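See below for the structure under consideration.
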Amino acid sequence: MMKTMNAVWLSALCCLMLTACDSQSSQVNEQGFTLDSPAVGDDGKLPMVYTCDGKGISPPLNWHGAPTDTQYYALIMDHEAPEGMHWYWTLYNIPASKTHIDAGETLGDVGSNSVNNVNQYAPPCSKGPGVKRYTYTLYALSAPVIVNPNATVDRATLLNAIKDITLGSASMSVTYERRGRGGDRPKPNRKPEPNDQTSLNSAYLTANVDSPRCTQIKQSISQAGFGESVSVTCDENYAYVASSTYPEHEMMTGITSTNEQIPVPAKDYVAPIKLHPKKAQSVTTIDAAVGVAVNGVPIYDYSSQGELDVNNYDEQHDTVVLGQLDICGGHAGRGDDYHYHAAPTCMIDAMENQGSDAIIGWGYDGYPLYGNNNPDGSPIAKGELDVCNGQSDPTFGYRYQTSTTPPYIIQCLVGEVDTSRLPRVAPLNGDTQGIRADLRPPRGSVENLTHTIAEDGSRTMRYSYKGEEYFTTYRPAREGKDCYEFTQKTISNGGKVETGTFCRGSLPNKHTATTTKQNANPEITGEHHFKLEAWADNWFSAYIGEQLLIEDSVPITTERSFNAESITFSANYPIELNLIIKDFKQNDTGLEYIGARNQQMGDGGFIMQITDTDTQRVVGVSDKAFKCEVLHKAPLNKLCEGEANPVAGEGYCTFMAKEAPEGWLKSDFDYSGWPNAIEHDSASVGPKDGYDDIVWDESAKFIWGEDLETDNTLICKATIVQPK
């Protein structure tokens, strides 16, 4: 809690700057005007529940000692970022009788936030790493705030409206650091390394080894009655459980805190279960599925977010407490993928071998999952289950259990597990408009959520919120494998009806497999033979010296203009490689989708490798050794992204643009003063259609300038020398 300005000081400032002092403004509350919160102290860490990583509700606040003549209050929550001021909460015309605001409560009138320009609280959701500071300032006012009813009341508008009626103000600051994003500090064993679902599918199709444990896993599925929808094959080390992850039981009913995702089948999903389980020296937590139910649906831990401390239950991220789960213990995740976070009650009710001795799932480490009782039907005593919600078993060595109290289901894995082999359901492809990209639970609860499947195969989720009806409907698309035509009206996107076609696999007529071209430029020749492979978001061209070798075959102006390119050529060492790489921008603002709901800064990314085909050795890759010069950078202030009518060169939307240096393609051009390229991790570059068409050498890195969003056009140079 911090006293920022008392009424006497502000009155004096008012007299000096405005020369229009109200005599009433000089009255002072001797106790001081203070603001604090029962949830967090001044300069304390904001609990996650009040951020986008949690429930996203506004925090509780208390205030004391307001000036005597206070008639109303106004409140602003803001954060001063390097690129300018961001604001998350604006309230005004709060009655003077109020002395506190509860968590998730709204008082008075609500102004906009700078995150999405909507009149609501925007929970902190920083894109960058590091600790951020957020300040709440409460203003005591001598009169109501008068604003144009048709105007957007943003931070600047509100401050201007109250400058002559402010009696005093009090503020407090909090901090928050997001975890699990690029640059943040990860927890050991938390998130699986990227896996190759294709290799899991291949293993499932080719595995043909039987063993006693393989038979047990197969029987657990067939005896439950799911043998027609779930299949199992085994090799020496794994049982591969294949399914669509889409259960036949009722789904989504009972959810009140919906993220507006809808279950979509994930065909060809393969879960690898270890056949020879062995206790590990330490438990493994996973920011993804920890196992699979016998009906083929993935099993997650109870938490709604990745940072799970197995030794400390976290109610703020309990999916059951938050109302995020349906009556069956599951919901649709960020990839529109259905999975369980608690006991799969509807699946259990549908099993043909109902009973305490029935296996209801398997952990990825190879140990089985049973229900709330021991296999012999006896109850499990309090405290009998370990931190992972399991115990010793005479048949399997160990078993997991479900429970009616947290953590409800498998919380962590006690056995050894190779996290690099674990599957993930990838988000739907084809979201060119961003309509499924940023869905999140609305403030407060939705009502009457239902999920239905029609005779034509279409599926609809309907719900109401504050008296308004919302829905998402999808049906199998006419073109493309595992593609669906969506129509939706969501709370997250402002209630606008939106449409799109999204796919679990490749987009129809959007992308074809990479075909290796042959160099057609007769000026590029030599004794050695090479293959250059590259992928860019959105466009690139590559030169050998001053000669053009290849230009991206997809125009940068084409939506989803990112794909892989491959070309063979002959040359001599050293290879003078020159690149032009560009991210799409509509104009010098650096923005795309200008004027649309998803107006945004695009983000770039480029990766490349050169293989000597005579030796089959990768001799050159994109990495920080490349020298790159940024030719276009925009916007210079990222607040331009939120402008209603962005104009290049005006307001926040300033830019930097320059021509490429004369003669930069020549081998004698001095580029030693250029900065080195910046390497970016794979997770920060996306989407990546076509990227997986190439088998990348592990030394090949995504490169760009310092900022993937604002650096739009770059030229890069590198010299590829013959390896020894």
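Keep in mind that this is a model prediction, so the values were computed, not measured.
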Here the pair of heavy atoms bringing K633 nearest to V630 is CB-CG1, 4.2 Å
Between E629 and K658 (salt bridge meaning N to carboxylate O under 4.0 Å), is one present in this structure? yes
Would you call D707 and K638 a salt bridge, taking side-chain N to carboxylate O under 4.0 Å as the test? yes
T175 side chain near Y134 side chain, heavy-atom distance below 4.5 Å: no
Let me know which of I94, L138, L91 forms a side-chain contact (heavy atoms from CB on, under 4.5 Å) with I101. L91
Is D43 salt-bridged to R133, cutoff N-O under 4.0 Å? yes
Is N148 atom CG crowded by more than 12 heavy atoms from other residues, nucleotides or ligands, each under 6.0 Å away? yes
Any residue meeting ring-ring contact (aromatic ring centres under 6.0 Å, His included) with Y136, in chain and number order, not counting sequence neighbours: none
G705 versus H680, closest heavy-atom pair with distance: O-NE2, 2.8 Å
Validate the cation-pi geometry between K489 and Y470: distance from NZ or CZ to the six-membered ring centre under 6.0 Å, angle to the ring axis within 45°. yes
Rounded distance [0.5 Å steps], OG in S173 versus CE in M77: 10.0 Å
Just by modelled atom types, is the Y139 backbone N or O under 3.5 Å from a matching donor or acceptor in the S169 side chain? no
Would you say the ring centers of F502 and F486 fall short of 6.0 Å from each other? yes
Is the ring centre of H341 less than 6.0 Å from the ring centre of Y300? yes
Heavy-atom count around E469 CD within 6.0 Å, excluding the residue itself: above 12? yes
K585 atom NZ: more than 12 heavy-atom contacts under 6.0 Å: yes
